[in-house]
Amino acid sequence: MTAPARAHQHCPPFAQLDALERLRVGACAPTDPTLPIADEVRDAAQRHGLEVVDPEGVPIARFPAEQIGSSGATGTPEWLGNGSPRPYERLYLSPAQVRSTVDADALTVVVDRRLNRTDTAEIRSLADGRPILLLVLSGPTMSPYTRGVTLLRRSLEVAKSLTDAGVVAVPLDPKIAATDPALQDEVVSAYAPGKLAWLGAHTTGLPGSQTMHGAGDSGGLVLFFTGLSGSGKSTVARAVREAILEEDGRPVSILDGDVVRRHLSAGLTFSPEDRETNIRRIGWVAAEIAYHGGAAICSPIAPYDSTRKAVRAMATDRGGDFVLVHVSTPVEECARRDRKGLYAKAMAGEITDFTGVNAPYEAPADAELDLDTSSISVEQARDRVLDLLRERGHLADGSQPEWSI
């Protein structure tokens with residue numbers, strides 16, 4: 001007897017996992033689609049159904065094949081169980097649990113940024129003796145090093161300083177809440193048992209931007225340099241790493257092409273297939289570092305656009321910020337600098353599949369920064385990268401890096 005085909009397994013990005021969690025606990029109604037999915041996932045799911053798993057591979061929900069439409073999975077899935085435990089798991093109550101345990105006269109204060117002393121005084125004044133519920137928008141929730149964990153930690157400290165106060169975590173990212181007021185109102189209303197209050201500094205802009213650093217959800221960073229051999233990408237990457245270490249002392253992992261090939265990718269050739277495998281391995285390690293709130297600097301040649309896009313997806317799906325820097329130094333300058341004589345050998349036909357000579361290099365159209373080291377110094381290139389990281393919130397304006405987690 002032939003066993004029935006197993007549903008296609010899929011781990012969505014953090015924001016989509018949180019959306020499913022809100023639906024599961026009754027904090028909001030299904031959207032259309034419930035779960036957006038890419039074409040390649042949709043095609044497999046339409047044949048066998050879709051099983052949603054968390055980053056640790058724990059099954060969360062199942063959509064049968066008939067619920068897979070042209071834009072994604074629709075309707076309410078079959079719930080398979082809870083995902084992997086999160087930091088402060090005990091604080092993630094359903095709206096029904098909150099309303100059954102919290103006094104109906106309580107003041108619910110929505111927390112979408114790190115609380116300070118002024119906030120604490122305002123909360124105490126607004127409560128006027130009533131019980132207090134600090135409702136913390138703590139998404140994304142599937143990474144242990146997100147801003148939400150910082151908000152929950154600080155909110156628990158504030159609750160201890162108040163009389164009759166408790167904390168509840170809500171699987172909603174403050175950034176998403178700020179850009180979708182209707183969703184924010186629906187979720188908050190589901191939880192709030194009584195009077196609702198927003199703190200005085202609440203705005204409709206990016207919540208908490210003064211204390212939450214980094215464009216990624218985890219606070220982690222993948223800084224990815226790409227360019228021809230001899231372009232200067234490794235030199236600039238090391239200069240950026242050294243500047244961060246000297247100013248702040250925090251560790252930054254650097255994944256250089258040559259070093260990775262000797263260890264992580266030993267045995268691979270320079271065929272197109274093996275090159276893609278090498279870059280994907282680098283991307284996976286870097287994404288894991290960012291997932292845990294760290295910073296990884298990568299400097300492989302990475303000649304193929306599709307592979308670089310795959311690495312970007314790995315990093316962002318794991319909650320990190322991906323910054324692509326194209327070191328666009330012309331091939332003539334790269335060949336002039338070549339101390340190993342590789343360009344000369346490639347031009348003489350002694351080396352095949354050499355990028356820029358007899359193998360293609362696909363220049364990125366989606367780079368956040370372009371650097372030509374034939375016209376600027378290493379120091380100037382380094383400073384441009386550091387300026388970009390400051391603009392994206394990864395470095396403080398005073399040049400002190402703040403990898404907030």
Side-chain angles (χ1 to χ4, degrees), residues 221-247 252-265 270 275 278-279 281-283 285-286 289 295-305 307-309 311-312 315 321-347 351 353-392 394-395 399 401:
L221 168 70
V222 175
L223 178 60
F224 196 97
F225 290 85
T226 177
L228 297 174
S229 176
S231 62
K233 60 188 182 301
S234 295
T235 303
V236 176
R238 287 193 295 270
V240 171
R241 190 266 307 268
E242 290 161 6
I244 294 172
L245 291 176
E246 289 177 7
E247 293 173 1
V252 180
S253 300
I254 192 161
L255 302 173
D256 181 75
D258 292 337
V259 175
V260 168
R261 276 202 169 264
R262 285 198 299 272
H263 300 283
L264 186 64
S265 296
F270 287 90
R275 287 186 174 201
N278 178 51
I279 302 306
R281 289 180 182 179
I282 291 173
V285 172
I289 291 171
I297 300 178
C298 314
S299 56
I301 294 173
Y304 305 120
D305 183 66
T307 314
R308 294 191 300 262
K309 282 183 167 58
V311 173
R312 182 187 290 272
D321 185 23
F322 183 87
V323 177
L324 181 63
V325 178
H326 179 207
V327 183
S328 58
T329 308
V331 65
E332 296 79 11
E333 176 63 15
C334 296
R336 187 191 68 79
R337 297 175 180 177
D338 183 21
R339 294 178 295 177
K340 300 177 183 178
L342 299 178
Y343 278 95
K345 291 180 180 179
M347 292 175 183
I351 298 177
D353 292 326
F354 191 84
T355 303
V357 179
N358 45 32
Y361 177 82
E362 300 172 359
D366 58 345
E368 279 73 25
L369 184 64
D370 187 284
L371 301 172
D372 180 352
T373 62
S374 66
S375 59
I376 60 175
S377 67
V378 171
E379 291 75 21
Q380 289 173 316
R382 174 202 64 197
D383 290 346
R384 290 187 186 179
V385 175
L386 294 175
D387 287 344
L388 175 62
L389 296 183
R390 292 187 183 97
E391 290 174 8
R392 296 176 74 90
H394 287 294
L395 301 181
S399 78

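Residue indices begin at 1 and follow the sequence shown.
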Inset, instruction - State, with a plain yes or no, whether a side-chain heavy atom of Y304 is found less than 4.5 Å away from one of I279. - result: no
Inset, instruction - State, to 0.1 Å, how close P303 and P360 come at their nearest heavy-atom pair, and which atoms those are. - result: CB-O, 3.6 Å
Inset, instruction - Using only heavy-atom distances, determine whether the side chains of R275 and T307 contain a donor-acceptor pair under 3.5 Å. - result: no
Legend entry - V260 vs N278 side-chain heavy atoms within contact, under 4.5 Å: yes
Legend entry - From SG (C298) to CD1 (I282), nearest 0.5 Å: 6.5 Å
Legend entry - Lys/Arg cation over aromatic F322: R392, 6.0 Å, 45° cone: no
Legend entry - For R337 against G232, the heavy-atom pair lying closest together: NH1-N, 3.9 Å
Legend entry - Qualifying residue, where the test is side-chain hydrogen bond (donor to acceptor under 3.5 Å, both in side chains) with Y361 and the options are T355, T226, D305: T226
Legend entry - Check ion pair D366-K309 (N to O, under 4.0 angstrom): yes
Legend entry - side chain to side chain contact (heavy atoms under 4.5 Å, CB included) partner of F225, chosen from I301, V325, L324: V325
Inset, instruction - First locate atom OG of S253, then atom CG of L223, and finally report the distance between them rounded to the nearest 0.5 Å. - result: 12.5 Å
Inset, instruction - Could you grab the distance from atom CG of L255 to atom CZ of R281, nearest 0.5 Å is fine? - result: 13.5 Å
Legend entry - Heavy-atom closest pair, residues L386 and A243: CD1-CB, 3.9 Å
Legend entry - Any donor-acceptor pair under 3.5 Å from E333 side chain to P330 backbone: no
Legend entry - Spacing of L228 atom CG and E332 atom CD [to the nearest 0.5 Å]: 9.5 Å
Legend entry - Set of side-chain contact (heavy atoms from CB on, under 4.5 Å) partners for A346, sequence neighbours left out: I351, F354, V357, N358
Inset, instruction - Rounded to the nearest 0.5 Å, what's the gap from CZ on R238 to NZ on K233? Could you check? - result: 10.5 Å
Legend entry - Closest contact, heavy atoms only, A302 versus R308: O-NH1, 2.6 Å
Legend entry - Cationic N near anionic O, under 4.0 Å, D387 to R384: no
Legend entry - All side-chain contact (heavy atoms from CB on, under 4.5 Å) counterparts of A296, not counting sequence neighbours: A286, I289
Inset, instruction - Say whether S374 and R336, considering side chains only, have a donor N or O and an acceptor N or O under 3.5 Å apart. - result: no
Legend entry - Derivation and outcome, side-chain contact (heavy atoms from CB on, under 4.5 Å), residues V327 and V236: CA-CA 9 Å; V327 183; V236 176; 5.5 Å; no
Legend entry - Exam field: side chain T373 to backbone T329, donor-acceptor pair closer than 3.5 Å: no
Inset, instruction - Using modelled atom types only, decide if a donor and an acceptor are shared between the side chain of R241 and the backbone of I297 within a distance under 3.5 Å. - result: no
Inset, instruction - Output every pair passing salt bridge (Lys or Arg N to Asp or Glu O under 4.0 Å) with a member in residues 368-379, not counting sequence neighbours, ordered by first then second residue. - result: R312-E368
Inset, instruction - Could you grab the distance from atom CG of L371 to atom CD1 of I376, nearest 0.5 Å is fine? - result: 5.0 Å
Legend entry - Side chains of S229 and Y343, donor plus acceptor under 3.5 Å: no
